[in-house]
Amino acid sequence: MNSNRSRPDSRAGRASERVTFDEIALSDDERIATVFRPMKALANRNEADEQALGDERESRGFSRNYRGDMNNPKNQRGMVSDNENTSLFITRLPADFTPAQLLKALAPHGPFGRVWSVHIIPANADKGQIGAAAKLIMFDRAGAEAVYNFIHRGGLSFYNGSTRIRAIVSWNQVKAPPSDPRGTKSRVLIISGPADFVDVKKLRALFSRYFIYQEEEVKLTSHRDSKHEIEFRFCCFHAQAEAASVFLGRLKPSSVFVKFGADPLAQQPPANAQARSSVAEDRWALLGRRRRGGSRS
């Protein structure tokens with residue numbers, strides 16, 4: 001199915017000038033800083049606007065509080081069948097949870113598949129939402145089913161003091177279709193080239209000026225003489241790794257190379273990561289048996 005997902009270069013198209021890395025990294029020009037800032041008008045809506053938008057969202061099958069793009073086929077439920085849906089809704093997460101923490105919690109239990117996006121809905125005590133929730137979208141149905149099955153059987157849990165709380169997963173009502181079948185797109189970018197450009201601090205400064213993003217991890221994977229290779233793990237492909245790839249493709253010198261890397265959630269986790277996770281689960285299982293009066297062996 002062709003999902004016709006929105007692409008970040010539609011936003012970037014407003015910047016017609018070609019600028020250098022140093023001009024962007026060191027300039028305070030607000031026009032440049034807003035090139036990749038999406039949906040800026042959201043901050044200027046008043047109560048009447050919100051009421052009207054809430055009515056429109058409901059009329060189109062979304063919740064009143066939905067903040068995504070209703071015109072994006074990716075987000076339109078009627079165009080995606082249940083057995084194509086790749087979007088999950090996860091609840092009972094720690095109140096201060098982050099996208100990176102969710103990805104790191106899942107990684108030792110993979111492989112699952114490539115992550116399209118992850119969005120955390122913070123806890124809101126005023127609305128009775130004690131824990132955080134997450135919307136996790138995978139690239140394909142198989143990956144979504146793998147995550148669903150793992151969480152559904154109790155694989156993802158956290159502790160509030162000594163109380164173990166299991167996360168709950170369901171299929172998101174705002175459906176998402178598969179994308180990039182058998183492709184290589186991912187939320188991970190491998191960036192290599194001269195050290196004066198391929199530098200963690202400079203890349204972070206550059207990305208933060210052009211678009212909003214969260215990172216899971218950034219690693220300098222190679223440094224020889226004056227050349228670096230960096231693995232930049234964004235939390236999302238959509239509007240993050242995707243945006244960075246498009247942007248670097250326009251800006252970078254010819255000596256800099258950018259490609260998609262393997263998503264850690266699509267890879268077999270290292271044996272030591274699996275072992276650490278197993279040991280932690282075994283310790284809490286043993287504590288639970290002791291409290292129930294079971295064997296100490």
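Count residues from 1 along the sequence. Just so you know, these numbers use all the heavy atoms, side chains as well, and skip hydrogens, waters and symmetry mates. Just so it is clear, the model here is predicted, and its values are computed rather than measured.
Looking only at side-chain heavy atoms (C-beta outward), I230 and L220 come within less than 4.5 Å of each other. Counting only heavy atoms from C-beta outward, the side chains of I120 and T98 never approach each other to under 4.5 Å. The shortest distance between side-chain heavy atoms of D82 and W171 does not fall below 4.5 Å. Contact check for V256 versus L248: no side-chain heavy atoms found under the 4.5 Å cut-off. Using a 4.5 Å heavy-atom cutoff, the side chains of P269 and P111 are in contact. Between V258 and F232, every side-chain heavy-atom pair lies at or beyond the 4.5 Å cut-off. Inter-residue side-chain proximity for L136 and L106 is flagged as met; some heavy-atom pair is nearer than 4.5 Å. Counting heavy atoms from C-beta outward, M138 and V115 have side chains that approach closer than 4.5 Å.
Within the 3.5 Å criterion, the main-chain N or O of V80 finds no donor-acceptor partner in the side chain of N85. Using modelled atom types, one side-chain atom of S186 and one backbone atom of G261 make a donor-acceptor pair closer than 3.5 Å. At distances below 3.5 Å, at least one donor-acceptor pair connects side-chain atoms of D140 with backbone N or O atoms of G143.
The two residues L93 and I90 have their closest heavy-atom pair at CD2-CG2, 3.9 Å. Considering all non-hydrogen atoms of both residues, R141 and T86 come closest at N-CG2, 3.6 Å. Taking both residues in full, the closest heavy atoms of S157 and R166 are given as CB-CA, 4.0 Å, listed atom of the first, atom of the second, then distance. Between C235 and A100 the shortest heavy-atom distance is SG-N, 3.6 Å. Taking each heavy atom of V188 and R233 in turn, the nearest pair found is CG2-CG, 4.0 Å. When all heavy atoms of L156 and A105 are compared, the closest pair comes out as CD1-CB, 3.8 Å.
Taking the six-membered ring wherever Trp is involved, the centroid distance between the rings of F211 and F247 does not fall below 6.0 Å.
Within the model, atoms CG of L103 and CG of D263 stand 7.5 Å from one another, a figure rounded to the nearest 0.5 Å. Here NE2 of H223 is found 12.5 Å from CG of D199. Values are rounded to the nearest 0.5 Å. If you take CD1 on I165 and CZ on R92, they are separated by 6.0 Å, rounding to the nearest 0.5 Å. For the atom pair NZ (K202) and CZ (R204), the distance works out to 15.0 Å, reported to the nearest 0.5 Å. One distance of note links OG of S192 with NZ of K259; it measures 7.0 Å at 0.5 Å rounding. Interatomic distance, E231 CD to L189 CG, rounded to the nearest 0.5 Å: 10.0 Å.
The side chain to side chain contact (heavy atoms under 4.5 Å, CB included) test with R187 is passed by exactly one of E242, E216, H238, R114: E216.
At a threshold of 4.5 Å between side-chain heavy atoms, the hydrophobic network of Ile, Leu, Val, Met, Phe, Trp and Tyr places V169 and F150 in one connected group. Hydrophobic clustering (ILVMFWY, side-chain heavy atoms < 4.5 Å, transitive): V118 and I168 are in distinct clusters. Taking hydrophobic clusters as Ile, Leu, Val, Met, Phe, Trp and Tyr residues chained together by side-chain heavy-atom distances below 4.5 Å, L206 shares a cluster with V200.
Using bins of under 30°, 30° to 60° and over 60° for the plane-to-plane angle, the ring pair Y213/F207 lands in the perpendicular bin.
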When you look at I190 and T221, which way does the side-chain contact (heavy atoms from CB on, under 4.5 Å) test go after all the steps?
-> CA-CA 9 Å; I190 307 298; T221 54; 5.6 Å; no
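A salt bridge is absent between K227 and E229; no separation between the charged side-chain nitrogens and carboxylate oxygens falls under 4.0 Å.
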